[in-house]
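None of the values given here were measured: they were computed from a predicted structure. Here is how names work: the chains are called A, B, and so on, in the same order as the sequence lines, proteins then strands, and each is numbered from 1.
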Protein chains: 2
Amino acid sequence: MSTKTPVTLKFLAQKLNISISTVSKALNDYPTINDDTRKRVKQLAAELHFTPNKSALNLQVQKSYTIGVILPDLMDHYFTRSIFGIEQFAGKHGYNVIIGQSYDELQKEIDLTNMFLKNRVDGLIIAISKNTQNFDHLDKFKNLGLPVIYYGRNPSFNLSCHKVLSNTYQGCYQATELLIKKGHQRIAYLGGPKMISFTHDRFKGYINALNDNQVPFDASLVAYTNFDQQNTHQAIQTLFYDVTHPPTALIAFKEQILFDAIKYLRSNNYPGLDHTDYIGFGNMPFISYLDKPPFASIEENPESIGDQAIKLLLQLIDQKETVFPYQKIMIDCELVIH
Amino acid sequence: MSTKTPVTLKFLAQKLNISISTVSKALNDYPTINDDTRKRVKQLAAELHFTPNKSALNLQVQKSYTIGVILPDLMDHYFTRSIFGIEQFAGKHGYNVIIGQSYDELQKEIDLTNMFLKNRVDGLIIAISKNTQNFDHLDKFKNLGLPVIYYGRNPSFNLSCHKVLSNTYQGCYQATELLIKKGHQRIAYLGGPKMISFTHDRFKGYINALNDNQVPFDASLVAYTNFDQQNTHQAIQTLFYDVTHPPTALIAFKEQILFDAIKYLRSNNYPGLDHTDYIGFGNMPFISYLDKPPFASIEENPESIGDQAIKLLLQLIDQKETVFPYQKIMIDCELVIH
DNA sequence: TGATTGATTTCAAACGTTTGAAATGATGTA
DNA sequence: TACATCATTTCAAACGTTTGAAATCAATCA
């Protein structure tokens, strides 16, 4: 009752009057162990709720069975949804997941990688911060033979790596086409930070859709924001006010931004507010609560992205020695009309 | 280059031609170690980026330096914000945090506790599921001498435990009073699941505020929902339609519910929609995007709750042997007027 | 009978760290 | 010279597990 002896292999061995290794082998179903002993061992182990000590195990096999995940922000539904896919699969395979938030700051990201290195994670899944252009802190993993999966954000400066990404080009292409089919000829594109490569991928989808459908491109219908509210307002000002023919539709990099945009237009009593069609990336559950929800959402299926990322990572961890070509997995987007 | 030897104490010892224990003691600043040796050891360790193997360390000190957190859902901002406080402090003290989501299901919660037990976490912080009335799975921790902190949700059936909670009574009292001061005499209260004890605490705040301000209580102004949308609609139907004098103000258990409520009233063209004042618990960032935001929010400061929970937990972990009276920490709510 | 086989169990080293006890060796003291 | 003192270093066990090699013992075969 007072200080209880922990239930270890040694403890079981003493109780049964056999050696530690027999107990270990019995529990691990070694064929050389007598059926009867095996049964007795397993029975007692179950009775006493024996669970192997993870630290000892990890020390022995030289693995931590822990994987690190770095993402910008858990308040962002995209990333929160992605970890659902990660934890699901990781848990099923005996891996723990440690999540770190970089808040889109490079220094915080570097700190987290060091922390993970100290913790000897077996691998890393990362959505890089919007300021990550130098990959020294991440190359450390590669040098140690630890696999890294880049997911959710495209590290366009880093070519030799595994990636799991939304097919953001396709998503934006289809959204643009949808708006064109609906009759729009003046569609604005509000991109995210220029440091995030998705901003440019989506732009390509946008412009290709325009071209393929013989809609003239107008540079004054394109603007960018760094996610900052102030910055977004400025971009909207440029797109909707500082122009002779304002757009009749808007595609935004993120619904978060889209909401900022609409809010700004509304508070300025923009006359065309209700006749404009809005589409953003995200498909937040929250949308259904808006009086006038956007025309459509671009669903990026972040759960799948997390799922694919962890699957690839565990594969890499298991076959560390063999050569493995760099993968680039793209998950298609879907349009959801509200 | 090919298979690099890991940098261990042994490796450093060999390089320096001294014993492993000297290296260990030098790094840990034992006073018996010669200053010169200490310097040489530390220098080489830094050069070779030595980091002690966590598994070996943990095995030695019989701790995992890992704490488990169980919460219903990361999509819920309250809990997401709470982990901010937890990770912040835990990280600073060398602890890893593993997060598990119960999705408000008891079975999932039980599975998670078993997983954490297997992983030999040093302690647990949990926001119990709305269906948790039996605490056997959590008592296992107590029996093993592992501290458990109940946070965010009040386990009213479990008296002997540490709790860190929102002062939800006070929050609801003040919200009610605010509405009364604004002139409301018919204030409705929409509670959450009856299994969640906050539902009743808030009700007490509500009714005491009514009494203290000489506003008559009317039982037909009280309803409950289990968070399910359908269920909420039904409750709203009861409160606003199945009554001769509908309420002029509504306090909801959660802003999530409040949005469902407003949405329902709007889609039914409820005539008093715009003359009703709404208040909910939460203060979601999202609110600013609503055309007609609620009159006010009750901010519960979940970061503080997480922060207090982890602080208490680490305290308990460090002084495991001494007696420690059960704590009940209450964090006050604040009203935020929009 | 002595050797071989086979089934089963045990030994012992290893993983990387910590730490009290023991060893070393130089210096000072009687 | 012999011995105690002191600073410094090393030894060795321990944490709990895995696993190839060695040991045990009974049964079988020649």
Think B/Asn58 has a side-chain N or O under 4.0 angstrom from the OP1 or OP2 of D/dC15? no
Should the ring pair B/Tyr95 and B/Tyr65 be called parallel, tilted or perpendicular, given that the plane angle runs from 0 to 90° and is split at 30 and 60? tilted
Quick check on D/dC15: is either OP1 or OP2 less than 4.0 Å from any side-chain nitrogen or oxygen of A/Lys10? yes
Picking from D/dT10, D/dT19, C/dC15, the nucleotide nearest the side-chain atoms of A/Ser24 would be D/dT19
Between B/Gln60 and D/dG16, is there a contact of a side-chain N or O with OP1 or OP2 at under 4.0 Å? no
Look only at the side chain of A/Thr80 and the backbone of A/Leu74, and say whether a donor-acceptor pair between them is shorter than 3.5 Å. yes
Between C/dA7 atom C1' and A/Tyr30 atom OH, what is the distance in whole Å? 17 Å
Which of the following nucleotides, C/dG16, D/dT17, D/dG16, is nearest to the side chain of A/Gln62? C/dG16
Within the structure, does a side-chain N or O atom of A/Ser19 lie under 4.0 Å from either OP1 or OP2 of C/dT10? yes
Tell me which nucleotide among C/dT18, C/dG16, D/dT18 gets nearest to the side chain of B/Ile20. C/dT18
Nearest-Å distance for atom pair CG/P, residues A/Asp36 and C/dA7: 17 Å
How would you label the contact of A/Phe50 with the nucleic acid (heavy atoms, under 4.0 Å): base, sugar-phosphate, or nothing? sugar-phosphate
Give a yes or no on whether A/Lys10 atom NZ has more than 12 heavy-atom contacts from other residues, nucleotides or ligands under 6.0 Å away. no
For C/dT10, take OP1 and OP2 only and decide whether either is under 4.0 Å from a side-chain N or O of A/Thr22. yes
It should be established whether B/Lys25 places a side-chain nitrogen or oxygen under 4.0 Å from OP1 or OP2 of nucleotide C/dT17. no
Report yes if at least one side-chain N or O of A/Asn34 is closer than 4.0 Å to OP1 or OP2 of C/dT8; otherwise report no. yes
Tell me if a side-chain donor or acceptor on A/Asn34 pairs with a main-chain N or O of A/Asp36 at a distance below 3.5 Å. yes
Taking atom P of C/dT17 as reference, at what distance in whole Å does atom OH of B/Tyr65 sit? 15 Å
Between P of C/dT8 and CG of A/Asn17, the distance in whole Å: 19 Å
Between B/Leu59 and B/Asp35, whichever has its closest DNA chain D nucleotide further toward 5' is B/Asp35
Under 4.0 Å between a side-chain N or O of B/Asn53 and OP1 or OP2 of C/dT17? no
Salt bridge check: are A/Lys311 and A/Asp307 linked by an N-O gap of less than 4.0 Å? yes
Between A/Thr37 and C/dT9, is there a contact of a side-chain N or O with OP1 or OP2 at under 4.0 Å? yes
Taking the minimum atom-to-atom distance to the side chain of B/Ile33, which one of D/dT17, D/dT9, C/dT9 wins? D/dT9
Output the rounded distance in Å from CG (A/Leu57) to P (D/dC15). 17 Å
Please check if the side chain of B/Asn131 supplies one atom and the backbone of B/Asp104 the other of a donor-acceptor pair under 3.5 Å. yes
Can you check the A/Ile18 CD1 to C/dC11 C1' distance for me, whole Å? 15 Å
Can you measure A/Asn28 atom CG to D/dG20 atom C1' for me and round it to whole angstrom units? 15 Å
Whole-Å distance between D/dT18 C1' and A/Asp29 CG? 15 Å
From D/dT17, C/dA12, C/dT17, pick the nucleotide closest to the side chain of A/Ser21? C/dA12
